[in-house]
2 protein chains.
Amino acid sequence: MPKKVDPHERRAQIARALHRVIAGRGLDEVSLRHVATEAGVSAGLVQHWFRTKDEMLRFALEVVAEQGQARLARRGAEIEHGTPREAVRALLVELLPLDEERRLEAHVALAFGARAAVSPEIARWVRDGMDQMRAFVADRLRAAGRVGDPEAAAVALTAMVDGLAAHVLAEQCTPEAAEAAFDDHLDTVLGL
Amino acid sequence: MPKKVDPHERRAQIARALHRVIAGRGLDEVSLRHVATEAGVSAGLVQHWFRTKDEMLRFALEVVAEQGQARLARRGAEIEHGTPREAVRALLVELLPLDEERRLEAHVALAFGARAAVSPEIARWVRDGMDQMRAFVADRLRAAGRVGDPEAAAVALTAMVDGLAAHVLAEQCTPEAAEAAFDDHLDTVLGL
DNA sequence: CGTGTGACGATGCAGCTGCATCGCCACACG
DNA sequence: CGTGTGGCGATGCAGCTGCATCGTCACACG
């Protein structure tokens, strides 16, 4: 066996370049050449590690998903001893694009979310994460004991965060306004 | 002058075909040929009425915007004598993809909304409608007199509707669940 | 009854796309 | 010290893209 290369690291490196392309030019501008250029490698290398473009997209989505979930888990551990209200707040705010890292993730999530509307396959890719998120939020809302229908409230809140993220990225409102609006709303829902 | 053709009608006809392409295949699958085929005309005709692809996209967006605003105005007139709560409810529910017409509009709105995240120009196209919507909602919320910060609440609620629409289109939740979640949430926010 | 002009179809073209196919080169193994 | 195999670059190709450029046909006007 010749050169040793960590396959996962190589693929992840390409995936990160893909994320940057999505955030900067959009999902439909993603091509083997653009990603390769962004990653500073040849187009052949990209093809070597991903047999098809779809495989590359899928892997890139998995990378952001894992990355995001890791961040959420970390954040969750931090406020483990907080109230349910603090838990749901921390979790959902963590999904808003309030710093560069979250901006990147939000861009990728928004791009795939939009494509999911016309691609049942991508919709399936996204569904699991969505369900987990809603279940977690519903659980915490139930624990807070202030809302009548935790499931419905979870659907509404996650949708709101997604919408706020989209509005921020499209510069329909500032990150600060989005965060403030969300906080204000959470006060209303959970009482003070 | 030869043949008489209503320019606006021809362009609107092409725009409607464009909407169908967006709803069925996505914004990035939009090409002169696809739109022409969907409209049942030649590619040359499309080029005849729109000098560039951008011009076509922009016009198509204006068409949905007008169409949607007309529907909102109609709906607004219907419940003119209702409570502010009914007004804001009717207005925002009207934006959820609960029938075929609104599904089409929501698909187009979602597609352009996502692209706005990477295209400042499209973001500008969208901004006006967004501002109007938020101002209207904030006004009605103020009239309802149950919320502390109507502006923040308007930002949150419009984002929520956008998010719910996206989730419905991506089949992350059913239209019924989305409507129920929104209603439930509105109860919480506006009290009972 | 020309005839010019607007509405449209057909064709061509450069550029990009995803992908298959080569060939080279370095290194771990026998 | 071969040598084969994994990592990688280069090239080619068919298909699609937006768009420019033609040709053609019908009709309202003088």
Side-chain angles (χ1 to χ4, degrees), chain A residues 1-61 108 111-112 114-115 118-119 121-122 125, chain B residues 1-22 24-61 111-112 114-115 118-119 121-122 125:
Chain A
M1 294 141 208
K3 284 202 215 168
K4 58 156 193 172
V5 163
D6 179 357
H8 189 276
E9 182 44 40
R10 261 261 175 283
R11 290 162 69 95
Q13 166 189 353
I14 296 173
R16 283 191 295 269
L18 177 38
H19 297 161
R20 274 175 266 134
V21 173
I22 289 180
R25 317 229 257 151
L27 183 50
D28 38 317
E29 289 284 345
V30 168
S31 78
L32 301 182
R33 273 108 170 155
H34 285 160
V35 173
T37 302
E38 175 68 38
V41 300
S42 79
L45 192 151
V46 174
Q47 263 212 103
H48 181 74
W49 292 104
F50 298 101
R51 287 174 309 180
T52 73
K53 185 184 177 182
D54 255 36
E55 189 182 321
M56 177 175 73
L57 290 177
R58 162 134 215 188
F59 182 81
L61 180 57
V108 175
F112 278 98
R115 184 157 293 198
V118 291
S119 162
E121 174 160 7
I122 294 187
W125 296 358
Chain B
M1 295 139 205
K3 282 202 220 169
K4 60 155 192 174
V5 162
D6 179 358
H8 190 276
E9 181 45 39
R10 262 260 174 284
R11 290 161 69 95
Q13 166 190 353
I14 296 173
R16 283 191 294 269
L18 178 36
H19 297 160
R20 274 175 267 134
V21 173
I22 289 179
R25 317 231 257 150
L27 183 50
D28 39 315
E29 288 286 346
V30 168
S31 79
L32 300 184
R33 272 101 168 164
H34 286 161
V35 173
T37 301
E38 175 68 38
V41 300
S42 79
L45 192 150
V46 175
Q47 264 214 102
H48 180 74
W49 291 105
F50 298 101
R51 285 175 310 182
T52 72
K53 185 183 175 180
D54 256 37
E55 190 182 320
M56 177 176 73
L57 289 177
R58 162 133 215 187
F59 182 81
L61 180 56
F112 278 98
R115 185 160 289 197
V118 291
S119 162
E121 174 160 7
I122 293 188
W125 296 358

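With sequence neighbours left out, A:Glu121 forms a salt bridge (charged side-chain N to carboxylate O under 4.0 Å, His left out) with no residue at all. Applying the salt bridge (charged side-chain N to carboxylate O under 4.0 Å, His left out) rule to A:Arg11 yields the partners A:Glu55; only residues at least two apart in sequence or on another chain are considered.
Look at B:Arg16 and B:Glu38 and you find no salt bridge, because none of the NZ, NE, NH1 or NH2 atoms lies under 4.0 Å from a carboxylate O.
One N or O on the side chain of B:His34 and one on the backbone of B:Glu29 form a donor-acceptor pair closer than 3.5 Å.
If you check the side chains of A:Gln13 and A:Arg10, you find a donor sitting under 3.5 Å from an acceptor.
Atom CG in B:Leu45 sits roughly 12 Å away from atom C1' in C:dG6 (whole-Å rounding). B:Arg11 has its CZ atom 15 Å from the C1' atom of C:dG6, to the nearest Å. A straight line from NE2 of A:His48 to P of C:dT21 spans 16 Å, rounded to a whole angstrom. What separates CZ of A:Arg10 from P of D:dG6 is a distance of 17 Å, to the nearest Å. Atom CD in A:Gln13 sits roughly 13 Å away from atom C1' in D:dC8 (whole-Å rounding). Residue B:Phe50 contributes atom CZ, which lies 12 Å from atom P of C:dC8 at whole-angstrom precision. The distance between atom CD of B:Glu9 and atom C1' of C:dA7, rounded to the nearest whole Å, is 16 Å.
Using cut-offs of 30° and 60° on the angle between ring planes, the pair A:Phe50 and A:Phe59 is tilted.
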Open item on the list: Output one letter per nucleotide in nucleotides 15-23 of chain D: B when a protein non-hydrogen atom lies under 4.0 Å from the base, S when only the sugar-phosphate is that close, - when neither is.
Closed with: --BBBB---
